[in-house]
Amino acid sequence: MILRRVMPSAVAYIDQRFIRWRTGTTEGQVAVLSVLIAMSIAILVGSIVVYGAFPAVTFVVPLLLGSLTLRYRPLWVLVFVVAVAVVVTTTIRTLEEGTSPGRVSSIVTLALVAAILLFEARRRRSGLPGPLGEAMLVDLNDRLQAQGVVPPLPLGWRSQSAMKSAGGAKFSGDFLVADLSDDKATLEMILVDVCGKGVAAGTQSLQLAGALGGLIGSLPPLGLFAAANDYLLRQDWEEGFATAVHVIANLQSGSYSIISAGHPPALRWNHDEWVADSARGVALGLLPRPQFDRTVGTLAPGEALLFYTDGIVETRDRDIDEGVDWLRGVAQEAMTRGVDGLARRVIDQVPVHDDDRAVLVLSRDD
């Protein structure tokens with residue numbers, strides 16, 4: 001009976017401590033530090049009683065757990081406690097059995113491990129333990145990627161996208177931002193390629209995606225690109241430019257406009273072949289007042305627009321113009337199986353995987 005009353009309270013207490021640890025609060029850090037200190041004391045007692053079962057090197061366990069769960073300063077406290085415990089147990093064994101090369105080696109190993117863990121903890125720019133900092137970054141990435149998911153479109157329209165990062169990394173310099181008006185009559189999309197690739201460009205793309213996500217649908221296309229350009233110029237990044245293509249489509253009439261900022265030309269399917277769009281412009285973040293060309297058209301039933309980043313068409317032995325011709329052929333063949341799955345089929349045909357790749361397709365049913 002007592003156990004039934006105590007168990008829910010204990011579980012709730014542990015759950016609260018875990019939540020507070022995940023949020024990086026001081027209370028959560030103190031709770032975890034207390035548990036690890038208790039573990040170190042338990043190992044010390046076991047080492048004094050049965051050294052063969054708990055040699056000095058066993059103290060590496062709380063150290064490793066601490067490196068995964070503690071900030072820099074609490075980790076210092078844990079290292080101090082472990083150091084005292086190691087001194088106590090090795091001193092007792094030395095007085096009983098004399099100096100042992102194995103114990104000396106264990107002490108040196110522990111000292112090196114502690115130094116490496118402290119050095120790594122101090123270098124964390126987020127100030128959070130490794131798993132927490134990574135979880136926060138991944139959560140931010142997931143939230144920003146969610147704003148790039150194109151909402152369900154009205155009957156007769158389809159949108160699809162496919163993205164792959166360089167080397168299969170979680171973060172990419174390519175991203176998509178989309179907005180569908182409340183009356184579902186206007187679709188606005190931006191495909192962006194931040195300079196760099198993989199994780200190196202990932203943090204910059206996260207910042208730019210957040211900025212564009214707050215502006216899309218609120219500014220006209222040219223004003224949106226001008227704001228994005230000013231934003232990049234203010235960041236003063238070492239490689240602070242990005243290419244982008246913007247499309248806004250009227251889902252009732254089929255009319256659309258495309259603006260490009262240094263991006264590879266969009267392709268339009270006209271029932272027979274893919275034709276390159278003529279929109280051109282300067283990449284974002286290079287000049288204070290860049291010029292952007294706009295092209296307009298009307299997407300008839302059975303036609304489609306295809307957008308992509310330079311990782312699709314550019315390689316070391318092939319320039320963008322040659323790559324665009326290659327892409328037109330690949331997309332032409334892919335269309336023989338219909339528009340469904342077109343983006344995935346195209347991106348799977350890219351022979352080189354050392355750059356971020358993205359494909360976006362907007363199509364109108366027959």
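Residues take their numbers from the sequence shown, with the count starting at 1.
The two atoms that bring Val87 and Thr91 nearest to each other are O-OG1, 2.5 Å, heavy atoms only. Counting all heavy atoms, side chain and backbone alike, Ser67 lies closest to Leu117 at CB-CD2, 3.6 Å. Closest of all the heavy-atom pairs between Val350 and Trp326 is CA-CH2, 3.9 Å. Nearest heavy atoms, Tyr308 versus Pro264: CE1-CB, 3.3 Å. Nearest heavy atoms, Gly254 versus Arg364: CA-NH1, 3.6 Å. Counting all heavy atoms, side chain and backbone alike, Leu342 lies closest to Ala331 at CD1-O, 4.2 Å.
Of the possible donor and acceptor atoms, one in the side chain of Thr309 sits under 3.5 Å from a partner among the backbone N and O of Ala358. Remark: the backbone N or O of Gly281 is not paired with any side-chain donor or acceptor of Asp293 at under 3.5 angstrom. The backbone N or O of Phe54 lies less than 3.5 Å from a partner atom in the side chain of Ser47, making a donor-acceptor pair. Between the side chain of Arg345 and the main chain of Ala334, a donor-acceptor pair closer than 3.5 Å is present. At least one donor-acceptor pair under 3.5 Å links the side chain of Thr109 to the backbone N or O of Ser105. A side-chain donor-acceptor contact under 3.5 Å links Gln160 to the backbone of Ala343. A donor-acceptor contact shorter than 3.5 Å links the side chain of Gln29 to the backbone of Arg71. Looking only at distances, a side-chain donor or acceptor of Ser181 sits under 3.5 Å from a matching main-chain atom of Thr186. Not one N or O on the side chain of His263 forms a donor-acceptor pair closer than 3.5 Å with the backbone of Asp193. Side-chain N or O atoms of Asn229 include one that pairs as donor or acceptor with a backbone N or O of Leu287 at under 3.5 Å.
A distance of 10.0 Å separates CD1 in Ile248 from CD1 in Ile190, rounded to the nearest 0.5 Å. Note: Thr69 OG1 to Leu33 CG = 8.5 Å, rounded to the nearest 0.5 Å. A distance of 12.5 Å separates OH of Tyr231 from CG of Leu284, quoted to the nearest 0.5 Å. Rounded to the nearest 0.5 angstrom, Leu64 CG and Leu36 CG are separated by 11.0 Å. The line from CG of Leu75 to CZ of Arg122 is 12.5 Å long, rounded to the nearest 0.5 Å. Considering CG of Leu306 and OG of Ser363, their distance stands at 10.5 Å, rounded to 0.5 Å.
Partners of Trp157 according to the ring-ring contact (aromatic ring centres under 6.0 Å, His included) rule, which considers only residues two or more places apart in sequence or in another chain, do not exist here. Residues meeting the side-chain contact (heavy atoms from CB on, under 4.5 Å) test with Asn270, sequence neighbours left out: Asp272, Glu273, Val275, Glu303. Qualifying side-chain contact (heavy atoms from CB on, under 4.5 Å) partners for Ala227, counting only residues two or more places apart in sequence or in other chains: Leu215, Leu219. Every residue two or more places apart in sequence or in another chain that forms a side-chain contact (heavy atoms from CB on, under 4.5 Å) with Asp325 is listed here: Arg328. For Pro154, the side-chain contact (heavy atoms from CB on, under 4.5 Å) criterion is met by Lys184, Leu251, not counting sequence neighbours. Partners of Asp348 by salt bridge (Lys or Arg N to Asp or Glu O under 4.0 Å), not counting sequence neighbours, listed by chain and number: Lys164.
Within a 6.0 Å radius of CD in Gln291, other residues, nucleotides and ligands contribute 12 heavy atoms or fewer. Atom CG of Asp365 sits in a crowded spot, with more than 12 heavy atoms from other residues, nucleotides or ligands closer than 6.0 Å. Dense packing is recorded around CD of Gln235, with more than 12 heavy atoms of other residues, nucleotides or ligands lying under 6.0 Å away. Around the CG atom of Leu155, the shell of radius 6.0 Å holds no more than 12 heavy atoms that belong to other residues, nucleotides or ligands.
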Go through the steps to decide whether Tyr256 and Thr298 satisfy the test side chain to side chain contact (heavy atoms under 4.5 Å, CB included), and finish with yes or no.
-> CA-CA 6 Å; Tyr256 67 86; Thr298 300; 5.5 Å; no

Evaluation steps, side chain to side chain contact (heavy atoms under 4.5 Å, CB included), between Ser40 and Leu78 = CA-CA 9 Å; Ser40 301; Leu78 178 64; 3.9 Å; yes

Side chain to side chain contact (heavy atoms under 4.5 Å, CB included) between Leu187 and Val150: does it pass, once the steps are laid out?
-> CA-CA 9 Å; Leu187 174 65; Val150 180; 4.1 Å; yes

Test Ser106 against Val60 for side chain to side chain contact (heavy atoms under 4.5 Å, CB included), laying out the working first.
-> CA-CA 10 Å; Ser106 297; Val60 76; over 6 Å; no

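No continuous path of ILVMFWY side-chain contacts below 4.5 Å connects Val330 to Leu305, so the two sit in separate hydrophobic clusters. Using a 4.5 Å cut-off between side-chain heavy atoms of Ile, Leu, Val, Met, Phe, Trp and Tyr, with links allowed through other members, Val30 and Val79 fall into different hydrophobic clusters. In this structure, Ile116 is not a member of the same hydrophobic cluster as Val86, with clusters built from ILVMFWY side-chain heavy atoms closer than 4.5 Å. A chain of hydrophobic side-chain contacts below 4.5 Å, direct or via other Ile, Leu, Val, Met, Phe, Trp or Tyr residues, connects Val361 to Ile312. Under the 4.5 Å side-chain heavy-atom criterion for ILVMFWY residues, a single connected hydrophobic cluster contains both Phe80 and Val61.
Residues Leu232 and Arg234 form no side-chain contact, since every pair of their non-hydrogen atoms from C-beta on lies 4.5 Å or further apart. Residues Val192 and Leu212 have side chains in contact (heavy-atom distance under 4.5 Å, counting atoms from C-beta outward). Put simply, the side chain of Arg158 reaches to within 4.5 Å of the side chain of Asp340, judged on heavy atoms. Looking at Asp174 and Leu191, their side chains never come closer than 4.5 Å, going by heavy atoms from C-beta outward. Side-chain contact between Leu176 and Met163 is present, with heavy atoms from C-beta onward closer than 4.5 Å. Two residues are said to be in side-chain contact when any heavy atoms from C-beta on lie closer than 4.5 Å; Phe241 and Val194 fail this criterion. With a 4.5 Å cut-off on side-chain heavy atoms, Ile258 and Arg294 do not count as touching. By the 4.5 Å heavy-atom criterion applied to side chains, Asp230 and Arg289 are counted as neighbours.
Residues Asp277 and Thr295 have side chains that bring a donor and an acceptor to within less than 3.5 angstrom of each other.
Classification of the Phe292-Phe225 ring pair by plane angle, with boundaries at 30° and 60°, yields perpendicular.
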